[in-house]
Structures are given as C-alpha cells and as structure tokens.
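Structure record follows, encoded as structure tokens.
In this text the structure is predicted, and so the values were computed from the model without any measurement. Residue numbers count from 1 along this sequence.
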Amino acid sequence: MMRMLLEGRTYDKLPVSRFLYPITTRKWLSMAKVMLLENVFLFLWTFTIIGAFIKPYSYRMVPYIVAENPNIGAREAISLSRRMMKGHKWECFVADLSFLGWWLLNLFTLGLSGIFYSNGYNAAFFVEYYVHVRGLSKDSGLEGSELLSDEYLHSKASAETLHAAYGDVAETVEQLSSNLVPVDKPNGFVGFLSEWLGVRILHARSVTKYEEYREQLHQIDTGREILDGAIYPGRLAPAPMAFRFRESRTVSSDRSYSLVNLVMMFFIFCFVGWVWEVSLAFISEGTFVNRGTLHGPWLPIYGTGGVIILILLKKLRKKPLFEFLAAMVLCGGLEYFSSWYLEKTHGGQRWWDYTGYFLNLNGRICAEGLLTFGLGGLAIVYLLAPALDNLLSRIDTRKLTVVAVVLLAFYCVDQAYSAQHPNIGAGITDYKGSATSQVS
C-alpha cells in the first residue's frame with residue numbers, strides 16, 4: 001500500500017501489478033523480515049513505559065523506507081528510521097492528534113467514515129510527511145540516507161532516460177502501431193453477449209479477433225504511458241521490475257469469458273470458498289467442519305457470486321467504485337435470498353446467522369459481509385478472473401470441456417442428494433455459541 005501511495009503522488013497511473021509489488025520485485029521475503037523484526041521490537045518495547053509510547057514514532061518511517069528500497073536490511077531500515085525521526089517524534093505525535101476528530105467520527109460511524117474517507121486521507125497525509133522528512137534527511141546528509149535511492153519515485157525521469165531504459169518498448173510500440181489493423185466490434189446476439197454480459201460463445205471468431213485487437217491497443221497504450229512518464233519506470237527502481245510485451249493476454253479485465261472457462265471458474269470459486277470456511281472453522285473450533293448445505297468440497301454461493309459479478313456487472317468494469325458498490329448490492333441480495341430460500345425449504349433450518357452483527361438484516365446479511373463482497377468482487381474482476389482465464393485458455397478446449405462436464409455431473413448429483421439429505425450438524429447448522437456462525 002505504501003508503495004502505491006508513493007507512486008500515486010508522482011505518476012498519473014498505477015498498474016494493477018503494484019498490488020503484487022513484493023512479488024514483482026522478488027523481495028517479498030526480505031520485506032517480510034523487515035516488518036516482522038519491526039513488530040517484534042515494538043512488542044518488546046511495550047514492556048517498558050517510555051518505549052511503548054516513544055518507539056512507535058521512532059520506527060514510523062520503516063514501512064515507507066522498505067517501500068522505497070526493498071533491498072534494505074531489517075536493522076538498517078529500523079536504524080535509519082530512528083535517525084530520520086530524531087527531532088520529529090513530537091511533530092509526528094501532534095500530526096496524529098490532528099486526526100483525533102476523524103478518529104472519533106470513525107468510532108461513532110462504526111468505521112464507515114474511515115472506510116470511505118478518513119483512512120485514505122490519513123494514509124495520504126503521512127506519505128507526504130515521509131517525503132518531507134526524507135527530503136530533510138537527504139539535504140542534511142543524514143547517515144544512511146543514501147539508501148533512499150529511488151530517485152524516480154519522487155520526480156519523473158527525463159524522456160532521454162526513459163527511452164534509454166525502454167528502447168525495446170519504443171521499438172515494439174512503433175512496430176505494433178504500424179501493423180495494427182482495426183477490427184469492427186462484433187454485432188448481433190454474439191456481440192450482445194460479449195459487450196453486455198462478458199460471455200463468449202465457443203468459436204465466436206469475431207469476438208476473439210476484436211478482443212485481440214483491443215489487447216494490442218492496451219499494450220500499445222501501456223508502452224506509450226511508460227515512455228511518456230505517466231507510469232513509474234519499474235526498470236529504473238532499486239529493485240528493478242521487469243516489463244515486456246506479452247505474447248499471451250495480459251491481466252486486463254476488459255474481456256469476455258468463454259462458457260467453459262466460466263464453468264471452471266465457478267467451481268474454482270466454490271472450492272476456494274469451501275477451503276476458506278473449513279479453515280476458519282478448523283482454526284476457531286479445532287476440528288474439521290464440512291461447511292455448506294452440500295456434501296462435496298464446494299460452496300455454490302461463492303461460485304455463483306463470482307460468476308454473476310463477471311456477467312451482470314460487465315459494463316461497470318471501467319468504473320471500480322461503481323463495481324465495488326454494485327458487487328456489495330448484488331452479492332448481498334444473493335446471500336439474503338439464499339438464506340431465506342434455504343430456511344423456507346428446510347423447515348426453518350439456517351446455515352448462517354449474523355444476528356448481533358453491525359447493520360445485520362434479519363441475521364441474513366450484515367455490513368461486514370457486504371464490505372467483504374465489495375472487496376472480493378474487485379479482486380475477482382481485476383485480478384483473479386483475468387489470471388484464471390489466461391491459465392485456463394492454455395488448456396486444450398476439448399479436455400477442459402470434459403473436466404467441466406464431469407464436475408457438473410458430480411455437482412448435480414450432490415445437489416439432488418442434498419435436497420433430500422442436506423449437510424447438517426455441529427458447526428454447520430448447530431452453531432450457537434460457535435465461531436463458525438459468522439461465516440456463510
């Protein structure tokens with residue numbers, strides 16, 4: 001998050017890959033070690049009266065230092081933060097106090113004001129504060145300040161520097177642009193499915209060609225944005241981030257999905273949801289609990305939610321805020337209806353109950369769950385589904401179809417059996433006083 005905020009203050013656009021910054025730099029292990037050691041030290045300092053109050057301000061710059069230069073070691077980052085904050089701890093404390101009103105408002109609104117405004121405001125403020133303290137440290141020649149070496153994180157590189165680092169990109173952009181042949185948008189029923197629902201029928205060549213054309217446009221635009229300085233030049237970072245034009249599709253969300261891939265993603269989401277809830281039950285109860293109404297390793301509410309987000313909200317993909325809000329409403333409605341239907345068709349039996357949760361509606365949905373649906377929807381639309389689509393598209397279509405049909409057959413058998421013999425018992429429907437009551 002710190003890295004994205006730092007880049008965002010200088011550059012117009014942030015690539016989706018910045019969410020995976022520790023992985024793309026291949027420094028996730030060293031960055032994790034730095035943050036772990038910082039938290040261990042802070043924990044140990046809580047056993048002293050002075051340290052419990054002073055050391056959090058001494059170490060305040062550590063996350064920003066690591067975000068700027070992930071090559072730095074744990075002790076170096078902590079020591080540099082201490083030196084940078086010398087003479088600034090009281091100043092930072094006063095800055096924290098200036099947010100007291102926002103914290104109180106966040107408390108009174110049960111976190112909503114923070115989610116929708118003040119948390120972002122606070123994060124942006126302290127990014128600017130880091131830049132201010134960093135500048136003072138560099139100007140004074142503070143020991144260790146040479147490690148804050150990401151020059152282009154704070155000012156854009158010249159056109160000459162960018163073209164020297166991305167000469168191959170400039171050549172590829174020119175070549176793609178000169179060879180690009182416009183393709184008309186598909187029309188008719190096939191075009192409607194692709195444009196409005198994001199569904200691609202097998203062998204719809206017009207859709208495939210049009211999406212390949214859009215993919216080329218996307219890659220050309222990305223290359224130009226790098227060369228124009230609109231995106232941070234990852235190759236010039238202290239921990240360089242590779243960039244190359246891909247022969248296969250990128251993780252662009254502006255695409256349609258084949259029916260076979262949608263079926264496979266349905267089962268993947270179902271399985272991931274099942275693993276998630278079984279893991280939560282195991283952690284909280286210390287025992288295996290096969291969650292859900294069905295007997296197989298799948299929770300259809302997760303698969304259905306993921307697929308309908310991809311289909312029904314296709315036109316909102318270029319507007320993440322509306323995608324987030326619509327995903328909350330859509331999945332909230334799905335969860336409420338599922339709870340009501342299961343209760344009515346199974347003699348009042350409930351498989352989840354949010355009674356007592358903040359802003360719950362008849363115990364069927366709650367604010368916490370809706371927020372999770374919104375964030376999960378964004379992850380599916382902009383990261384998971386495109387990545388899964390790329391992987392599934394590499395598999396032979398006939399073989400994938402066979403797998404999809406077999407899974408559907410097992411799923412239908414499970415549905416038919418569970419309609420008469422639903423999955424019930426301890427931690428599933430008998431969860432009163434159990435931590436598993438919080439998961440759906």
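- Looking at Glu323 and Arg317, no side-chain N of the basic residue comes within less than 4.0 Å of a carboxylate O on the acidic one, giving no salt bridge.
- For residues 11-36, the set of pairs meeting the ring pair (Phe, Tyr, Trp, His ring centres under 6.0 Å) definition, not counting sequence neighbours, comprises Tyr11-Tyr232.
- Trp102 and Asn119 form no side-chain donor-acceptor contact under 3.5 Å, judged by distance and modelled atom types alone.
- A cation-pi arrangement, defined by a distance under 6.0 Å to the six-membered ring centre and an angle within 45 degrees of its axis, is present between Lys315 and Trp196.
- In this structure, Asp150 pairs ionically with Arg3, as a charged nitrogen and a carboxylate oxygen lie closer than 4.0 Å.
- Relative ring orientation between Tyr213 and Tyr210 is described as tilted, the plane-to-plane angle lying within the 30° to 60° band.
- Salt-bridge annotation for Arg255 and Glu215: absent, with no side-chain N of the basic residue lying under 4.0 Å from a carboxylate O of the acidic one.
- Under 3.5 Å, the side chains of His88 and Glu91 contain a donor-acceptor pair of N or O atoms.
- Ion pairing of Arg235 with Asp168 is present here, as a side-chain N (NZ or NE/NH1/NH2) and a carboxylate O approach within less than 4.0 Å.
- Residue Ile49 qualifies as open at atom CD1: its count of foreign heavy atoms under 6.0 Å is 12 or below.
- With respect to the salt-bridge test (charged N to carboxylate O, under 4.0 angstrom), the residues Arg60 and Asp96 qualify.
- Aromatic ring centres of Phe53 and Tyr57: separated by at least 6.0 Å.
- Atom CE of Met1 sits in a sparse spot, with 12 or fewer heavy atoms from other residues, nucleotides or ligands closer than 6.0 Å.
- Annotation: ring pair (Phe, Tyr, Trp, His ring centres under 6.0 Å) contacts of His154 (sequence neighbours excluded): none.
- In this structure, the side chains of Arg364 and Phe337 stay at 4.5 Å or more apart for every pair of heavy atoms.
- Side-chain contact of Glu368 with Tyr354: a donor-acceptor pair under 3.5 Å is absent, judged by distance alone.
- Centroid-to-centroid, the aromatic rings of Phe267 and Tyr411 come within less than 6.0 Å.
- A perpendicular orientation is assigned to the rings of Phe99 and Phe125, their planes being inclined by more than 60° (bins at 30° and 60°).
- Using cut-offs of 30° and 60° on the angle between ring planes, the pair Phe47 and Phe43 is perpendicular.
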